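Predicted, not measured: the structure shown is a model, and the values here were computed from it.
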Amino acid sequence: MNSKVFNRFFYISLAVLAVIYWIGMHLELMDVDATTYIVLAKQMFQSGSYLQVFLGGNDYLDKPPLLFWTACLSFKIFGIHDWAYRLPSVLCLALGIYSVYRYTKIFYSEQAAKMAALIMASCMAAYVMTNDVRTDTMLTGWVMFSLWQLAEFNRSLKLKNILLGAMGVAFAMLTKGPIGLIISVTTFAVEFAYKRQWKNFFRWQYLLALLVIAVLLLPMCYGLYEQFDLHPEKKMYDRVGTSGLRFFFWTQSFGRITGESSWNNNPDPFFLFHSFLWSFAPWSILFIPALYTEIRNKIKNFRNPGDAETMSVGGFVLILIFLSRSRYQLPHYSFPIHPLAAIITAKYLHENIFSITKSQLFNIFRSVHIILLFVIFAVLFLIEFYIFPAPAVVYLLTIASFILFLYMLGFLQFSLFPKILLITVWTFVTLTIVFDTYFYPKLMTYQTGSYVSRYLNKTAPEGSTLLIYKDYRSFSMQFYCNIPSVESMNGERLKSYLVKGKTYILADTGDMKEIQSINPDISIIGKYYGHPPALLSLNFLNPSTRSKNVDHRVLMKY
């Protein structure tokens, strides 16, 4: 694939991916994290309390405020919409993808740099980050931006680069805490130590960087001090005397390793390793030999490191090990180091373009990678024909895409490597289009909160009230429902809220008789089968066992 053809393929692929992600930005948000954050941002925007953070009138400490601040700014410009909440984070991720390109270009060729950016833009983590927007989307963008700028500074010693790099670190910390600093420090510490560049650990410009970081963190720190440190009587996480500053700089990140934090979901030691394999798909198979080769070469050349770039592999390995030490882990915790994985993979693939004799390792994993692409199409057919039977147009388009995939694999007159690049991106595009247009919309019909909200927004008369019976809570309902709701309703309180023709009650099916015994005029108007879209299980996906793995709720009206 000559450079002209590759460039055309690169820009067309990015344009198609941008359209796919734009569509995904307009899907309904999933409970729990994304809907929690949008409700918090909405309440912040409406209250004007930007330094002291609250959720439902209660003190909130779990995440730093940059995600909420940028969402408020977007609400101010575009109005309160789910896509407006997502927009700043997605733009930040786009900055991160551009930063992958610029960082890689410092050390490798233009084609390798574009390849790295394309790999990052076409992995499952990127798709998830533009749809289910949490703090990791923005964190990934700012971390990669800081690495690019700091790499430029390390090469040129220009003051603007260290200042921009410090700004990226500060914004990463304002997004998710000290991990934004840890990633940058770790990657460059590995580089300096591996090359024995000891003087690079001590530069006067670092003092300016620390000053920039401190100034940018100051508003958040003031808010934390005012909200928590001045009020030791407040109870947070079942403790009194919680320091907001200590929580931000220590407990939230390091406390999960030391045990000081109460968050603990007992992950297995390799949880993030095997989670990474799906989140970096469809490139994860090719990443395995790329990582192995990179580590082997670094060990082999340890005595004479030369000018080889070490930050990507060193940062990826050490940060993944660090994150795996946490007692509380979720799959998206590794998302900020996916750009480093993209760089490692692109470097390995680019080197094989010009290799006359491909290594046996490459040939083996190339074959496994192609098998994975077949598996992805098989999963799509399984979804469309069995899990959620689709309209004919959906699976006919998927079949057409699969036929074109086979044609590109078997008959297109390209050399082996460009063919792998082309069919991989094509498979990913097919997968994400089906997810955007069919799978996720179908899945969201099982999110009771947003599904009931759509019904009430269309049918409930003005002045209506929704009563949530007992302990059910849905942040998607809080955001999407246009009528006011009252949570934690019980039988005694219910009587005082009943207004004929304007009272709706959402309850578990087991509570129907209890509610109707309070007033026999309360009738059932709808039954709903709910399951958290973010917590899929095989029993739920299997139609034969699905009914036993859903919540059964009813919407009632007085």
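Here the straight-line distance linking atom CG of L159 with atom CG of L164 works out to 9.5 Å at 0.5 Å rounding. T242 contributes atom OG1, which lies 10.5 Å from atom NZ of K235 (distance to the nearest 0.5 angstrom). In this structure, NE2 on H338 lies 7.0 Å from CE on M120, to the nearest 0.5 angstrom. Rounded to the nearest 0.5 Å, atoms CE (M556) and CD1 (I522) are 6.0 Å apart. For the atom pair F54 CZ and M44 CE, the distance stands at 9.5 Å (nearest 0.5 Å).
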_Quick one, H274 with D268, criterion side-chain hydrogen bond (donor to acceptor under 3.5 Å, both in side chains). Give me CA distance, side-chain angles, the key distance, then yes/no._
CA-CA 10 Å; H274 55 70; D268 72 73; 3.2 Å; yes

*Worked check of side-chain contact (heavy atoms from CB on, under 4.5 Å) between L95 and W142*: CA-CA 8 Å; L95 174 64; W142 287 123; 3.8 Å; yes

*Run the side-chain contact (heavy atoms from CB on, under 4.5 Å) check on K63 and Q252 step by step: do they pass?*
CA-CA 9 Å; K63 292 291 185 292; Q252 177 69 339; 3.8 Å; yes

*Tell me, with the steps shown, if E191 and Q197 meet side-chain hydrogen bond (donor to acceptor under 3.5 Å, both in side chains).*
CA-CA 8 Å; E191 174 85 354; Q197 297 173 344; 5.5 Å; no

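Checked against the 6.0 Å centroid threshold, F479 and Y85 do not count as a close aromatic pair. Outside the 6.0 Å centre-distance limit, the rings of F145 and F171 are not counted as a close aromatic pair. The distance between the ring centers of F188 and Y206 does not fall below 6.0 angstrom.
Pairing each heavy atom of S324 with each of Q329, the nearest pair is O-NE2, 2.9 Å. Between I80 and F75, the closest heavy-atom pair is CA-CD2, 3.7 Å. Residues L174 and P64 approach most closely at O-CB, 2.9 Å, considering heavy atoms. Closest non-hydrogen pair, L61 versus F247, comes out as O-CE2, 3.2 Å. Minimum heavy-atom separation, I183 to I319: CA-CD1, 3.8 Å. Across every non-hydrogen atom of C123 and Y21, the tightest pair is O-OH, 4.2 Å.
Counting heavy-atom neighbours within 6.0 Å of R493 CZ, excluding the residue itself, gives a total above 12. Taking a 6.0 Å sphere around NZ of K42, one finds it holds more than 12 heavy atoms contributed by other residues, nucleotides or ligands. Atom OH of Y237 has more than 12 neighbouring heavy atoms from other residues, nucleotides or ligands inside a 6.0 Å radius. Remark: F45 CZ is packed, more than 12 non-hydrogen atoms of other residues, nucleotides or ligands lying under 6.0 Å away. Within 6.0 Å of OH in Y60 there are more than 12 heavy atoms belonging to other residues, nucleotides or ligands. For L230, the CG atom sits in a packed shell: over 12 heavy atoms of surrounding residues, nucleotides or ligands are nearer than 6.0 Å.
Ion pairing between a basic and an acidic side chain is recognised when a charged N comes within 4.0 Å of a carboxylate O; K470 and D508 show no such pairing.
Taking the six-membered ring where tryptophan is involved, the planes of F280 and F287 are perpendicular, since the angle between them exceeds 60° and thus also 30°.
Tested against H531, the residues F540, Y446, Y451 include a single ring-ring contact (aromatic ring centres under 6.0 Å, His included) partner, F540.
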Under 3.5 Å donor-acceptor pairs involving side-chain atoms of residues 480-489, not counting sequence neighbours:
unit_1: Y480; atom_1: OH; unit_2: L29; atom_2: N; d: 2.8
unit_1: Y480; atom_1: OH; unit_2: D82; atom_2: OD2; d: 2.8
unit_1: N482; atom_1: ND2; unit_2: N457; atom_2: OD1; d: 3.4
unit_1: E487; atom_1: OE1; unit_2: R473; atom_2: NE; d: 3.3
unit_1: E487; atom_1: OE1; unit_2: R473; atom_2: NH2; d: 3.1
unit_1: E487; atom_1: OE2; unit_2: Q478; atom_2: NE2; d: 2.9

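Residue pairs satisfying the side chain to side chain donor-acceptor pair (under 3.5 Å) criterion with at least one member in residues 29-41, sequence neighbours excluded, are listed as follows: D31-T35, D31-S474, D31-S476, D33-R134.
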